[in-house]
Amino acid sequence: MQYWLMKSEPDVFGIDALARAPRRTTGWEGVRNYQARNMLRDDFRKGDRAFFYHSSCEVPGVAGVVKVVREAYPDPTQFDAKSEYYDAGSTREAPRWFSVDVQLERRIEPVITLLELREHETSALREMLVLKRGNRLSVTPLTAAEWRCIVALRPSVASSRAAQSTAGLRTRSKKS
DNA sequence: GCCAACGTTGGC
DNA sequence: GCCAACGTTGGC
């Protein structure tokens with residue numbers, strides 16, 4: 001299993017929006033960078049875990065854990081002339097851009113802030129791409145060691161996970 | 001195929 | 001709003 005970090009701007013689509021989405025699942029659409037595209041298309045596997053990272057906002061940081069529930073398929077927004085992600089140069093026969101589906105597994109509360117991550121940037125998180133200046137990749141791989149280091153910053157995860165699955169059940173039963 | 005100009009990203 | 005970093009574009 002692989003670990004990832006996926007960036008999203010909470011003003012556009014944040015952890016709250018994901019928590020409210022049907023099945024707490026979303027297509028990761030709109031990636032228009034070839035390096036990130038290649039990872040989504042070639043390397044993302046069902047069952048991989050990713051941190052949901054809030055960027056370009058007041059408190060940048062890791063806001064949750066998501067699970068890859070569907071592997072790469074053509075990003076539908078590239079064919080939608082009304083979408084801001086529309087790409088006139090892409091065809092259905094040879095799609096240029098790909099999405100995966102991710103499902104919210106648990107929130108991380110409070111958010112693990114970028115400042116907090118930076119406390120480890122000279123040791124355990126030395127290689128972490130999101131900490132490097134000018135990193136613009138919206139999707140980056142993490143090592144298992146980096147994943148463990150970040151998860152360990154919120155030792156209360158076990159209890160909050162239980163509380164959340166209860167909350168999730170309540171939400172679902174309200175809908176049905 | 002080089003490279004300057006330009007646009008976007010994202011932390012601060 | 002600033003600015004550094006970096007990908008993309010387009011002229012040559």
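Computation of the quantities below employed the complete heavy-atom set of this structure, encompassing side-chain atoms and omitting hydrogens, waters and symmetry-equivalent molecules. Naming convention: chains lettered A, B, ... in sequence-line order (proteins, then strands); numbering from 1 in each chain.
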Whole-Å distance between [N] [atom2] and [X] [atom1]?
X	N	atom1	atom2	answer
A:L117	B:dG11	CG	P	11 Å
A:Q35	C:dT8	CD	C1'	14 Å
A:L137	C:dA5	CG	P	16 Å
A:N33	C:dT9	CG	P	11 Å
A:L129	C:dA5	CG	P	16 Å
A:L131	B:dG11	CG	P	10 Å
A:R37	C:dG7	CZ	P	15 Å
A:L115	B:dG11	CG	P	11 Å

Side chain of [X] - closest among [options]:
X	options	result
A:L114	B:dG10, B:dC12, C:dG7	B:dC12
A:Y34	B:dG10, B:dC12, C:dT8	C:dT8
A:R136	B:dG11, B:dG10, C:dC6	C:dC6
A:Y53	B:dG11, C:dG7, B:dG10	B:dG11

**Asked** A:R32 near the nucleic acid: base, sugar-phosphate alone, or nothing, with a heavy-atom cut-off under 4.0 Å?
**Response** nothing

**Asked** Quick one: do the A:S90 and A:Q78 side chains pair a donor with an acceptor below 3.5 Å?
**Response** yes

**Item:** Donor on one side chain, acceptor on other, A:R32 and A:T77, under 3.5 Å
**Value:** yes

**Asked** Hey, would you say the A:F52 and A:W28 ring centroids sit under 6.0 Å apart?
**Response** yes

**Asked** A:F98 versus A:Y73: any side-chain heavy-atom pair under 4.5 Å?
**Response** no

